Engineer: 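Just passing along the structure, written as structure tokens.
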There are 2 protein chains.
Amino acid sequence: MNIGEVAKRSGLPAKTIRYYEDIGFVTPARGDNGYRSFGEKDLHKLAFLGRARGLGFSIEDCRTLLALYEDQGRASADVKRVAQKNLNEIDRKIADLQAMRGTLSHLVATCAGDGRPDCPILEDLGRR
Amino acid sequence: MNIGEVAKRSGLPAKTIRYYEDIGFVTPARGDNGYRSFGEKDLHKLAFLGRARGLGFSIEDCRTLLALYEDQGRASADVKRVAQKNLNEIDRKIADLQAMRGTLSHLVATCAGDGRPDCPILEDLGRR
DNA sequence: CTTGACCTTCCACTTGCTGGAACCTTTATA
DNA sequence: TATAAAGGTTCCAGCAAGTGGAAGGTCAAG
């Protein structure tokens with residue numbers, strides 16, 4: 001399989017796949033023309049990575065998860081710990097954004113948004 | 001005022017203040033010793049930037065907001081548009097994170113997290 | 001007079017890709 | 001058969017928004 005097809009089937013851009021090779025996630029064989037030649041296993045790995053990234057796991061966490069995925073003797077506790085950590089991180093980010101949202105939506109709601117210069121948004125940002 | 005005091009009073013790290021000078025947000029004078037010498041106006045600007053960044057505005061948006069802040073003839077509509085765009089962006093991020101959170105929290109909840117290898121998290125990531 | 005706290009600049013690194021240039025190979029079409 | 005389009009290759013640069021660290025200058029206190 002050439003990179004284009006893998007890209008289509010995995011949903012990842014070809015650029016990203018090359019990058020994932022760079023950082024050691026996959027190691028496709030090479031044809032005589034120098035083209036990468038991916039197998040089904042590579043495709044499966046890349047799809048795995050795409051989903052893990054889609055759930056917000058960092059590249060390093062993906063590395064760990066991939067290793068656990070391929071380790072038949074893993075303990076699910078190890079997987080769960082990584083996932084729980086990511087979940088906590090996501091919760092923290094949501095909380096941060098909710099806090100911003102709270103302040104900002106209030107400010108936006110109280111700004112007239114007309115041609116006059118008076119603006120509660122700037123007043124808030126510029127408060128002493 | 002030296003950078004240390006400005007850092008303390010603005011809540012921004014000295015490194016960040018130097019960076020903000022680099023990108024043209026402030027232009028402190030220099031003493032004979034080469035030290036930056038900040039005035040109250042600089043401090044106020046930096047605090048403004050700190051709050052704007054804290055509400056999730058990008059550096060470029062901060063630039064726009066700062067210009068509007070200093071423009072007595074501004075229209076609040078211009079401020080509101082920038083803020084509304086940021087609010088939309090925040091909402092999009094929250095939605096993305098909520099979606100991740102939904103899937104991930106379900107997976108975490110169903111994972112035994114013990115010494116056995118069976119793991120719904122990896123099963124989901126590795127699904128065909 | 002030395003110690004330690006500040007200050008300076010400059011360069012590299014972070015995360016996770018993405019864009020583009022310059023070039024080669026394969027495939028489809030005139 | 002010539003050529004053009006569509007794929008592939010490598011490598012370098014850049015994004016956001018700083019952060020860390022090295023190497024060095026300066027200032028106040030003991």
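Only a predicted model underlies this, so the values are computations on that prediction, with no experimental measurement involved. Just so it is clear: chains get the letters A, B, ... in the order the sequence lines come, proteins before strands, and each one is counted from 1.
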Engineer: Starting at atom CZ of A/Arg53, determine the distance to atom P of C/dG16, rounded to an integer number of angstrom.
Structural biologist: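 Between P of C/dG16 and CZ of A/Arg53: 5 Å.
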Engineer: Taking atom P of D/dA13 as reference, at what distance in whole Å does atom CG of A/Asp22 sit?
Structural biologist: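 Taking CG of A/Asp22 and P of D/dA13, I get 16 Å after rounding.
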Engineer: Rounding to an integer number of Å, can you tell me how far A/Asp32 CG sits from C/dT26 C1'?
Structural biologist: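 It is 14 Å, rounded to the nearest whole Å.
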Engineer: Rounded to the nearest Å, what distance is computed from the CD atom of residue A/Glu21 to the C1' atom of nucleotide C/dG16?
Structural biologist: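 Answer to the nearest Å: 17 Å.
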Engineer: Please report the distance, rounded to the nearest Å, between NZ in B/Lys8 and C1' in C/dA5.
Structural biologist: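 Result: 11 Å.
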Engineer: D/dG8 C1' sits how many Å from A/Met1 CE, rounded?
Structural biologist: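 Going from A/Met1 (CE) to D/dG8 (C1'), I get 16 Å.
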Engineer: Closest to the B/Ser58 side chain: D/dA17, C/dG16, D/dG8?
Structural biologist: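 The closest nucleotide is D/dA17.
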Engineer: Any donor-acceptor pair under 3.5 Å joining the side chain of B/Tyr20 to the base of D/dG18?
Structural biologist: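 For B/Tyr20, whose side chain was compared with the base of D/dG18, there is no donor-acceptor pair (under 3.5 Å).
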Engineer: In this structure, how many angstroms lie between the P atom of D/dT19 and the CD1 atom of B/Ile23, rounded?
Structural biologist: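 It works out to 12 Å between those atoms.
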Engineer: Take atom CD1 of A/Ile17 and atom P of D/dG8, then tell me their distance rounded to the nearest Å.
Structural biologist: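 Whole-Å distance recorded here is 9 Å.
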Engineer: Is there a side-chain polar atom (N or O) of B/Arg30 under 4.0 Å from OP1 or OP2 of D/dT26?
Structural biologist: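 No, no such contact exists.
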Engineer: Does the side chain of B/Ser37 come under 3.5 Å of the side chain of B/Asn2 through a donor N or O and an acceptor N or O?
Structural biologist: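 No, because no side-chain N or O of B/Ser37 sits under 3.5 Å from a partner of the opposite role on B/Asn2.
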Engineer: Looking across every strand, which nucleic acid part, if any, lies under 4.0 Å from B/Ile3 by heavy atom: base, sugar-phosphate, or nothing?
Structural biologist: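 Sugar-phosphate contact only.
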Engineer: Under 3.5 Å, is there an N or O donor on one side and an acceptor on the other linking the side chain of A/Lys15 and the base of C/dG20?
Structural biologist: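 Flag set: donor-acceptor pair detected.
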Engineer: Atom CD1 in A/Ile121, atom CD in B/Gln84: separation rounded to 0.5 Å?
Structural biologist: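 Reported to 0.5 Å precision, the distance equals 9.0 Å.
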Engineer: Parallel, tilted or perpendicular: which describes the rings of A/Tyr20 and A/Phe25, with under 30° parallel and over 60° perpendicular?
Structural biologist: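 Correct class here is perpendicular.
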Engineer: Go nucleotide by nucleotide along DNA chain D from the 5' end; which of B/Tyr19 and B/Asn33 gets its closest nucleotide reached first?
Structural biologist: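 With B/Tyr19 and B/Asn33 compared, the 5'-side residue is B/Tyr19.
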Engineer: So, is A/Arg36 close to the D/dT9 phosphate, meaning a side-chain N or O under 4.0 Å from OP1 or OP2?
Structural biologist: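 Yes, such a contact exists.
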Engineer: Which listed nucleotide (D/dT10, D/dG7, C/dG16) is nearest to the side chain of A/Ile59?
Structural biologist: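 Per side-chain heavy atoms of A/Ile59, the pick is C/dG16.
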Engineer: Counting any heavy atom closer than 4.0 Å, what does A/Arg18 reach on the DNA or RNA strands: base, sugar-phosphate only, or nothing?
Structural biologist: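 Base contact.
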Engineer: Could you tell me if the side chain of A/Ile3 sits less than 4.5 Å from the side chain of A/Tyr35, heavy atoms only?
Structural biologist: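 Sidechains of A/Ile3 and A/Tyr35: no contact.
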Engineer: Does atom CZ (A/Arg92) have a neighbourhood of more than 12 heavy atoms from anything else shown, all under 6.0 Å?
Structural biologist: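 Check passes, neighbour count above 12.
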Engineer: Does B/Thr16 put a side-chain nitrogen or oxygen below 4.0 Å from OP1 or OP2 of D/dT19?
Structural biologist: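 Answer yes for this pair, as a side-chain N or O of B/Thr16 is under 4.0 Å from OP1 or OP2.
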